[in-house]
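Keep in mind that this is a model prediction, so the values were computed, not measured.
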Amino acid sequence: MREFLSPHNVPFYWVDRLEKEDGYTLYVSDCFWVLATKDFYEFYYNPIHTMGKIRVSQMPQIVIERIKFCSAIFHKEDIKFECTKATLRPSPVRFYKIERDMRIGNWFHAQGQNYATWKGYFICDDMYMPNLERSCPIKSIDGALVFDMIRMGCQSRTAHYIKSVFDLKVFSNVRTTGIQLLEITD
């Protein structure tokens, strides 16, 4: 676990930010999150590590379509504290394998609960009960799981391998020279 990056550099608290935001769409994939507001597409590795933001007017439509294709999509009313309704099935992937093999993805943790988003899947584990990992495709998670992930700690090695928003696969073969990447601040 020592190799995981865990910088806390987001200039806001997610729960408060999402509650105050009038309308938004949140895209959650296995290695990045995108918060689409009326003015910007904000890119994050996870809820605690920023990548940058792009103005809505500069965002290529093909990239938006690719983000939709590989992400679970949520709106303001979807993200809330409740029991998950996602169908989680027994997972062949054990958390020791994720810890050993994960390069691109996120590891969420709090009070003995572990979640991971890795290779297109959401995987959860209760570390007090060994071999009880459950998983589902990332597109099948619900707002209750996202609410939990927002409130958990998160670690990731992704920033070692994906240095910029433009390194994401959703930007493959897209001309990015005219797109201005801005820093995320208050």
Side-chain angles (χ1 to χ4, degrees), residues 1-19 21 24 26-35 42-52 67 70-74 76 78-163 165 167-169 184:
M1 288 290 289
R2 288 188 301 258
E3 298 172 19
F4 279 93
L5 293 176
S6 56
H8 296 271
N9 68 345
V10 174
F12 57 83
Y13 179 62
W14 272 79
V15 174
D16 290 345
R17 165 80 187 282
L18 295 179
E19 190 173 298
E21 195 71 44
Y24 61 83
L26 178 64
Y27 302 93
V28 178
S29 84
D30 55 352
C31 68
F32 66 87
W33 292 39
V34 177
L35 180 62
E42 300 176 5
F43 287 80
Y44 301 86
Y45 291 104
N46 52 56
I48 64 169
H49 193 177
T50 64
M51 293 176 81
I67 290 169
C70 69
S71 303
I73 302 170
F74 302 96
K76 185 173 186 163
D78 299 330
I79 301 172
K80 53 191 164 207
F81 179 71
E82 64 183 14
C83 290
T84 184
K85 294 173 182 67
T87 303
L88 300 169
R89 303 201 185 286
S91 176
V93 178
R94 301 291 174 241
F95 262 79
Y96 68 83
K97 180 171 177 46
I98 294 171
E99 182 177 355
R100 186 184 71 224
D101 296 346
M102 181 187 281
R103 290 178 33 165
I104 306 291
N106 290 300
W107 181 305
F108 302 87
H109 49 83
Q111 300 174 343
Q113 184 67 43
N114 291 301
Y115 294 166
T117 53
W118 184 50
K119 295 186 177 182
Y121 280 89
F122 169 84
I123 305 160
C124 68
D125 167 49
D126 185 341
M127 67 189 291
Y128 299 116
M129 303 293 282
N131 300 320
L132 285 182
E133 289 90 351
R134 301 286 183 261
S135 65
C136 68
I138 194 80
K139 291 183 71 104
S140 299
I141 64 174
D142 62 12
L145 292 173
V146 171
F147 185 84
D148 282 349
M149 286 190 277
I150 287 170
R151 295 177 34 198
M152 292 176 147
C154 184
Q155 296 173 312
S156 179
R157 291 184 183 118
T158 304
H160 289 301
Y161 304 100
I162 298 174
K163 303 288 186 189
V165 168
D167 293 338
L168 294 170
K169 286 183 181 178
I184 296 174

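Applying the side-chain hydrogen bond (donor to acceptor under 3.5 Å, both in side chains) rule to D30 yields no partners; only residues at least two apart in sequence or on another chain are considered. Under the salt bridge (Lys or Arg N to Asp or Glu O under 4.0 Å) criterion, D78 pairs with no residue at all, not counting sequence neighbours. Evaluation of the side chain to side chain contact (heavy atoms under 4.5 Å, CB included) rule for Y161 yields R103, I104, R157 as partners, not counting sequence neighbours. T84 is linked by a side chain to side chain contact (heavy atoms under 4.5 Å, CB included) to A86, D142, A144, L145, counting only residues two or more places apart in sequence or in another chain. Every residue meeting the side chain to side chain contact (heavy atoms under 4.5 Å, CB included) condition with C136, not counting sequence neighbours, appears here in chain and number order: L88, F122, S140, I141.
The list of salt bridge (charged side-chain N to carboxylate O under 4.0 Å, His left out) pairs with a residue in residues 80-95, not counting sequence neighbours, reads E82-K85, R94-E133.
Atom OH of Y27 has more than 12 heavy atoms from other residues, nucleotides or ligands within 6.0 Å.
Here the shortest heavy-atom pairing between K76 and Y24 reads CA-OH, 3.3 Å.
In this structure, Y45 contributes its side chain and I162 its backbone to a donor-acceptor pair below 3.5 Å. A donor-acceptor pair is defined here as one N or O able to donate and one able to accept, closer than 3.5 Å; no such pair exists between the side chain of Q155 and the backbone of N106.
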**Request:** Dump the intermediate steps for side chain to side chain donor-acceptor pair (under 3.5 Å) on Q113 and Y115, then the final yes or no.
**Result:** CA-CA 7 Å; Q113 184 67 43; Y115 294 166; 4.7 Å; no

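Using bins of under 30°, 30° to 60° and over 60° for the plane-to-plane angle, the ring pair W14/W33 lands in the perpendicular bin.
Taken to the nearest 0.5 Å, the OG1 atom of T158 stands 8.5 Å off from the CE atom of M51. Rounded to the nearest 0.5 Å, atoms OG (S29) and CD1 (I73) are 11.5 Å apart.
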